[in-house]
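Each residue takes its place number in the sequence, starting with 1. Quick caveat: nothing in here was measured; it's all calculated off a predicted structure. Worth knowing before you read on, the calculation uses all heavy atoms, side chains too, and leaves out hydrogens, waters and symmetry mates.
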Amino acid sequence: FRRVLFRSEYDALDDRENALQEQLNTKRERGKDSRAKILEKELAELAEEREELIADEMKLRDLGFKKIKEREKLLGENA
């Protein structure tokens, strides 16, 4: 279930990033540098969100592996 949740979060980030990138390209083409800088900042914030999401996913995955190892240790070779 959590994997599906992460996937939808990644999809939402991708959609927002693509929309911002399109806006950025349009503003640059029209010579609107001040607005382009704002969009670049927003893209950088999205990149940070993506890194946080990756870190959260890794923590959750590591927790699952930890639980498996703990169970194997408790049950021994018969696990």
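The salt bridge (Lys or Arg N to Asp or Glu O under 4.0 Å) contacts involving residues 13-29 comprise Asp14-Arg50, Arg16-Glu49, Glu17-Arg50, Arg28-Glu40, where partners must be two or more places apart or lie in separate chains.
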Please tabulate, for the side chains in residues 30-39, all donor-acceptor contacts under 3.5 angstrom to protein atoms that are two or more places apart in sequence or on a different chain.
none

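The CG atom of Leu43 lies 11.5 Å from the CD atom of Glu48; values are rounded to the nearest 0.5 Å. Distance check: Lys73 NZ to Arg71 CZ gives 15.0 Å after rounding to the nearest 0.5 Å. Between the NZ atom of Lys41 and the CG atom of Leu46 there is a distance of 13.0 Å, given to the nearest 0.5 Å.
With sequence neighbours excluded, the residues satisfying side chain to side chain donor-acceptor pair (under 3.5 Å) with Gln21 are Asn25.
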